[in-house]
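Here the structure comes first, spelled out in structure tokens, and everything after it is commentary.
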Amino acid sequence: WQWSRWAVNLGVRAERWDHKATTGEKIFTFDWTYAPRLSVIYDLAGNGRQKLSAYYGKYYDPIRLNMTNFAGTLTGRITDEQVWVKDRWVTYRTRGGPVVQDAFFAPTTKTPYTDEYQLGYQIDLGNNMSFEAVGVRRQTRDILEDYDLGLFADDEHCLSTVAAQKALCGYAEGFDPGDVNAADSLYLGLDYFGYTANPGSNFVIGTLAGGKRDYDGLDLIFRKRFANNWQALVSYTWGDAKGNTNSDSNADFQGDVLYLDPRAPNQYGTQPGLVKNLLKGGGSYLFKGGLQLGATAKWNSGTVGSLTELQSRRNLPIQVPAGQEFVFAGIRDRWLAPGAVGGFQNPGYASADIRVEYVRSVQKVKLELFMDLFDMFNNQSAIREQDLVAGRGGNAFGSEILWVQPRRAFFGVRLGI
């Protein structure tokens with residue numbers, strides 16, 4: 001819709017997903033999702049040279065098929081997970097649908113989504129050049145995780161005993177039990193998942209209680225479109241991401257242990273994987289005779305990580321040391337250490353690449369010769385350091401473990417008719 005200096009674009013995307021098991025039977029149907037999009041643009045001067053823009057969009061992230069495989073493998077092999085006790089193997093968990101279904105989709109499971117808001121300004125500078133600034137905020141909610149009901153929702157165990165008001169299922173052995181009625185209790189109960197009784201699976205796939213991620217960013221972009229034999233693009237991105245979960249349909253530990261619950265202490269912080277500052281530039285020039293020279297360069301301030309320890313083959317945020325346990329929600333446990341989440345900064349680095357191309361037509365054949373030279377200054381800076389506080393494999397905490405690849409060149413010939 002356009003009127004005077006205004007332009008409005010409105011739309012909606014709707015979809016619904018069914019998930020089926022290996023037997024072909026339907027195991028879960030998610031609710032219909034309705035994802036609106038709205039953009040509003042205003043021509044500041046009325047001449048098409050400057051504009052202000054605003055945008056809102058909702059983006060749903062359908063549950064990935066690895067979760068369908070997790071919950072829907074009802075045929076095939078059966079695995080017994082065992083430990084050796086005294087003189088025999090003892091099975092503590094059986095995996096395999098024909099015996100024990102590994103997971104159910106909890107009836108209350110929602111589709112994860114992100115709300116995005118944008119404000120922008122763009123100006124035509126003339127001579128095929130423009131400048132643009134865009135601010136963005138993204139809020140991700142209804143994040144997916146798998147849960148151990150025996151830890152968070154076994155009502156029969158927690159609520160049918162004399163100690164019903166003082167128990168939390170699965171609280172750390174040897175520590176004080178929690179109070180399920182405490183204001184900061186991590187207990188959820190079966191009704192949170194939509195059950196009246198434990199379904200009997202090893203796990204349930206549900207919406208991660210209290211899980212959230214927020215991202216704020218700013219993009220500054222200068223663009224010179226191809227004219228007079230040259231073009232260029234330069235951009236700078238600033239970003240800040242905060243949250244209490246890094247889960248993304250990967251069924252990890254946040255529903256399996258209390259100290260990693262999003263609502264647990266010291267869980268909220270800068271999200272691992274964030275790059276706070278990113279500067280990029282590129283351009284090319286076409287010489288007479290078919291020779292073209294191009295180059296790109298970038299500077300990355302380094303990814304944010306966490307201070308971690310190795311648990312079950314995963315780098316998880318460190319807990320407070322033994323002997324420094326403290327009480328939260330009535331539970332004395334080794335909760336996460338303050339500053340562990342997002343408390344590690346990998347080093348920044350820069351690199352530059354060039355491309356030389358020569359194109360010439362010989363009768364009806366087009367000849368193209370090119371060379372790509374990556375990391376032309378051979379700046380093999382570290383891009384990741386050891387974030388395991390105890391170190392591993394001879395790599396002490398903070399030592400370099402991943403680098404920019406060395407200078408390398410690729411040569412090619414292409415013929416066309």
Side-chain angles (χ1 to χ4, degrees), residues 66-67 70-71 81 83 92-93 95 102-104 106 109 143-155 157-158 166-180 182 184-190 192-193 198 201-213 243-269 271-272 305-343 387-390:
N66 61 331
M67 291 295 97
F70 185 29
E81 296 183 355
V83 292
Y92 66 90
R93 181 186 295 126
R95 293 182 180 268
D102 221 8
F104 285 114
T109 305
I143 297 167
L144 185 79
E145 190 54 271
D146 71 318
Y147 273 96
D148 179 354
L149 290 186
L151 184 64
F152 289 93
D154 191 345
D155 286 7
H157 171 70
C158 288
K166 297 191 177 296
L168 177 69
C169 299
Y171 63 85
E173 184 177 355
F175 296 133
D176 297 332
D179 182 354
V180 297
D184 52 5
S185 173
L186 302 180
Y187 182 75
L188 293 172
L190 289 171
Y192 174 82
F193 301 95
N198 193 314
S201 58
N202 290 322
F203 304 96
V204 296
I205 300 169
T207 299
L208 186 60
K212 62 181 180 179
R213 287 194 295 270
N244 54 20
T245 174
N246 217 233
S247 290
D248 186 21
S249 187
N250 59 333
D252 218 338
F253 276 9
Q254 288 200 287
D256 298 328
V257 291
L258 292 180
Y259 79 92
L260 290 176
D261 187 287
R263 301 162 295 163
N266 303 320
Q267 188 66 253
Y268 185 87
Q271 285 295 282
S306 292
L307 301 170
T308 66
E309 56 190 358
L310 193 63
Q311 297 278 3
S312 298
R313 299 180 303 227
R314 293 168 174 85
N315 288 24
L316 299 178
I318 59 172
Q319 300 169 263
V320 296
Q324 297 184 20
E325 300 87 356
F326 61 93
V327 176
F328 176 82
I331 306 168
R332 183 175 178 81
D333 202 351
R334 290 182 58 211
W335 301 101
L336 285 187
V341 174
D387 55 44
L388 288 168
V389 174

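Atom set for the values below is all heavy atoms of this structure, side chains included, hydrogens, waters and symmetry mates excluded.
Taking each heavy atom of Gly206 and Ala106 in turn, the nearest pair found is CA-CB, 4.4 Å. Minimum interatomic distance between Gln254 and Leu260 (heavy atoms only, all atoms of both residues): NE2-O, 2.8 Å. What you find for Ala322 and Arg334 is that their closest heavy atoms are N-NE, 3.7 Å. Shown here for Leu188 and Arg263, the closest heavy-atom pair between the two residues is CD2-NH1, 3.4 Å. Looking at every heavy atom in both residues, Gln271 comes nearest to Asn244 through NE2-N, 3.9 Å. In this structure, Ala71 and Ile205 approach most closely via the heavy-atom pair CB-CD1, 4.0 Å.
For the atom pair Leu186 CG and Tyr259 OH, the distance stands at 14.0 Å (nearest 0.5 Å). Here Ser201 contributes atom OG and Arg95 contributes atom CZ; the two are 11.0 Å apart, rounded to the nearest 0.5 Å. Atom OG of residue Ser306 and atom CG of residue Leu336 lie 9.0 Å apart, to the nearest 0.5 angstrom. In this structure, OG1 in Thr308 is found 8.0 Å from CG in Leu316, a value given to the nearest 0.5 Å. Note: Met67 CE to Asp146 CG = 7.0 Å, rounded to the nearest 0.5 Å. Atom-to-atom distance recorded for Ile318:CD1 and Leu310:CG is 13.5 Å, nearest 0.5 angstrom.
In terms of modelled atom types and a separation under 3.5 Å, the side chain of Gln267 and the main chain of Thr245 share no donor-acceptor contact. Between the Ser185 side chain and the Tyr187 main chain, a donor and an acceptor come within less than 3.5 Å of each other. Counting only distance, with no hydrogens or angles, the side chain of Glu309 and the backbone of Gln319 share a donor-acceptor pair below 3.5 Å. Thr207 places no side-chain N or O within donor-acceptor distance of the main-chain N or O of Leu144, the cut-off being under 3.5 Å. Within the 3.5 Å criterion, the main-chain N or O of Arg314 finds no donor-acceptor partner in the side chain of Ser312.
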Give the intermediate values and the outcome of side chain to side chain contact (heavy atoms under 4.5 Å, CB included) for residues Val341 and Asn266.
CA-CA 7 Å; Val341 174; Asn266 303 320; over 6 Å; no

Between Val257 and Asp148, is the side chain to side chain contact (heavy atoms under 4.5 Å, CB included) condition met? List the steps.
CA-CA 8 Å; Val257 291; Asp148 179 354; over 6 Å; no

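You'll find the side chain of Glu325 stays beyond 4.5 Å of the side chain of Asp333, heavy atoms only. At least one side-chain heavy atom of Pro262 sits less than 4.5 Å from a side-chain heavy atom of Leu208. Contact of the Asp387 side chain with the Leu307 side chain is not registered, since no non-hydrogen atoms from C-beta on lie closer than 4.5 Å. Counting heavy atoms from C-beta on, the side chains of Phe203 and Asp256 come closer than 4.5 Å.
Legend: residues meeting ring-ring contact (aromatic ring centres under 6.0 Å, His included) with Tyr147, ordered by chain and number and at least two apart, are Phe152, Phe193.
For Phe328 and Trp335, the ring centers are positioned less than 6.0 Å apart.
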